[in-house]
Amino acid sequence: LGEQDLIIKSIKKVSPSVVSISIKPLDNNQESGFASGIIISQDGYIVTNAHIMESEKSNELFATIPGGQKYLAQIIGIDKLTDIALLKIDKTDLDFITLDYSKDVIRGQRVIALGNPLNLFSISKEPTATIGIISGKNVNFGLRKSGHVYQNMIQTDASINEGNSGGPLINLSGEVIAINTFIV
């Protein structure tokens, strides 16, 4: 397969497991934030970034799956230090992707970022894809003001915007190699 075919095939493979996450304060009907997540089991477990929940003290989280169905998401666990959260929705028979961070990455290799940048998932009912390369690996940003420690990070030049947090960074085999976390 040519590179274009690999890109298309990878996006098609992973997109059904990417969700939009919306955050709604309990005292307000308006959504106050949005992010991305990855379904990791057929029974509704979702991995995302923990920092997406820090803007409001009390809130409801919703996960929208491709096609537009929206579900209330329960927080199962948060690891603030590594900026990872596990959510659960009450839905089964979901498309999911297996996480395997053991894949070696090489500077210069093509990657695809999938997610909900600028809340576009709410319009298109599917994740947005951007392409780039691995620009750096094992990048250490250390302890941030937020209390998160960002070490051994992968840097990409794929376009990442507000809302991409929690979405997958994939290789051209359709394997998740990282979670999009922040913009520098």
Side-chain angles (χ1 to χ4, degrees), residues 1 5-24 31 33-54 59-105 109-131 153-154 156 158 160-161 163-182:
L1 291 176
D5 292 327
L6 290 172
I7 292 166
I8 292 167
K9 186 177 178 183
S10 296
I11 291 169
K12 188 173 184 177
K13 175 182 174 183
V14 179
S15 287
S17 66
V18 178
V19 300
S20 162
I21 296 174
S22 53
I23 300 126
K24 187 175 99 176
E31 291 179 356
F34 49 89
S36 306
I38 311 163
I39 301 170
I40 60 165
S41 69
Q42 66 86 27
D43 59 344
Y45 284 94
I46 298 168
V47 169
T48 189
N49 287 130
H51 76 256
I52 68 166
M53 295 166 250
E54 293 173 356
N59 53 45
E60 289 183 316
L61 297 172
F62 294 91
T64 303
I65 63 174
Q69 298 90 354
K70 191 176 200 177
Y71 301 91
L72 183 63
Q74 175 186 7
I75 300 170
I76 300 301
I78 294 175
D79 184 359
K80 183 175 172 138
L81 190 64
T82 60
D83 197 10
I84 295 292
L86 182 65
L87 308 178
K88 173 87 168 70
I89 60 174
D90 190 19
K91 171 87 174 120
T92 57
D93 297 324
L94 291 163
D95 288 308
F96 68 96
I97 199 79
T98 303
L99 301 180
D100 182 0
Y101 296 110
S102 67
K103 300 293 177 201
D104 285 331
V105 296
Q109 96 178 65
R110 287 273 195 195
V111 291
I112 304 161
L114 295 170
N116 180 31
L118 310 174
N119 206 22
L120 293 173
F121 197 113
S122 65
I123 298 164
S124 65
K125 310 295 187 231
E126 65 181 1
T128 296
T130 59
I131 191 162
M153 303 290 285
I154 296 171
T156 182
I160 305 288
N161 290 288
N164 273 109
S165 288
L169 187 69
I170 65 174
N171 62 21
L172 296 191
S173 298
E175 299 164 321
V176 176
I177 60 169
I179 294 174
N180 302 314
T181 303
F182 67 90

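Only this structure's heavy atoms are used, side chains among them; waters, hydrogens and symmetry mates stay out.
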- request: State, yes or no, whether a side-chain contact exists between L86 and V47 at a heavy-atom distance under 4.5 Å.
  value: yes
query: For the atom pair CG (L87) and CD1 (I39), what is the distance rounded to the nearest 0.5 Å?
result: 11.0 Å
message: I need the single residue from D95, I112, I38, I97 that forms a side chain to side chain contact (heavy atoms under 4.5 Å, CB included) with V14. Which is it?
response: I97
- request: For side-chain contact (heavy atoms from CB on, under 4.5 Å), just list the numbers for I46 and I40, CA-CA rounded to whole Å, side-chain angles, deciding distance to a tenth of an Å, and then say yes or no.
  value: CA-CA 6 Å; I46 298 168; I40 60 165; over 6 Å; no
message: Within this structure, what is the OG1-CG distance for the pair T92 and D43, rounded to the nearest 0.5 Å?
response: 8.0 Å
Flag side-chain contact, heavy atom, 4.5 Å: S10 against N171: no
message: Would you say that V19 contacts I21 through its side chain, given a criterion of any heavy-atom pair below 4.5 Å between the two side chains?
response: yes
- line: Between K13 and S173 the two heavy atoms that sit nearest each other are NZ-O, 3.3 Å
field: Note, F121 side chain near P66 side chain (heavy atom, < 4.5 Å)
entry: yes
message: Would you say that V18 contacts P168 through its side chain, given a criterion of any heavy-atom pair below 4.5 Å between the two side chains?
response: yes
message: Return the CG to CD1 distance between N180 and I154, rounded to the nearest 0.5 Å.
response: 10.0 Å
- line: So CD of Q74 and NZ of K88: to nearest 0.5 Å the spacing works out to 8.0 Å
query: How long is the gap from CD1 on I23 to CZ on F62, to the nearest 0.5 Å?
result: 11.0 Å
- prompt: Which pair of non-hydrogen atoms, one from L172 and one from R110, has the smallest distance, and what is that distance?
  reply: CD1-CB, 3.7 Å
Where I11 and I170 come nearest, the two heavy atoms and their spacing: N-CD1, 4.4 Å
task: Examine distances only and state if a side-chain atom of N116 and a backbone atom of L120 form a donor-acceptor pair shorter than 3.5 Å.
output: yes
statement: Those residues at least two apart in sequence (or on a different chain) that pass side chain to side chain donor-acceptor pair (under 3.5 Å) with S165 are H51
query: Looking at side-chain heavy atoms only, is the closest gap between I179 and I84 below 4.5 Å?
result: yes
message: Tell me if a side-chain donor or acceptor on K9 pairs with a main-chain N or O of G174 at a distance below 3.5 Å.
response: no
- request: Compare all side-chain heavy atoms of I89 with those of L94 and state whether any distance is below 4.5 angstrom.
  value: yes
field: K12 NZ: over 12 foreign heavy atoms closer than 6.0 Å
entry: no
message: Looking at every non-hydrogen atom in both residues, tell me the closest pair between S22 and K70 and how far apart they are.
response: OG-CE, 3.6 Å
task: Spell out, as yes or no, whether a donor-acceptor pair under 3.5 Å connects the side chain of T48 to the backbone of S36.
output: yes
- line: When every non-hydrogen atom of N49 is compared with those of G166, the smallest separation belongs to OD1-N, 2.7 Å
task: Step through the shown structure and confirm whether more than 12 heavy atoms of other residues, nucleotides or ligands are within 6.0 Å of CG on D90.
output: no
task: Quick one: closest heavy-atom pair of I75 and M53, and the distance?
output: CD1-SD, 3.5 Å
- prompt: Any side-chain heavy-atom pair from L114 and S15 closer than 4.5 angstrom?
  reply: yes
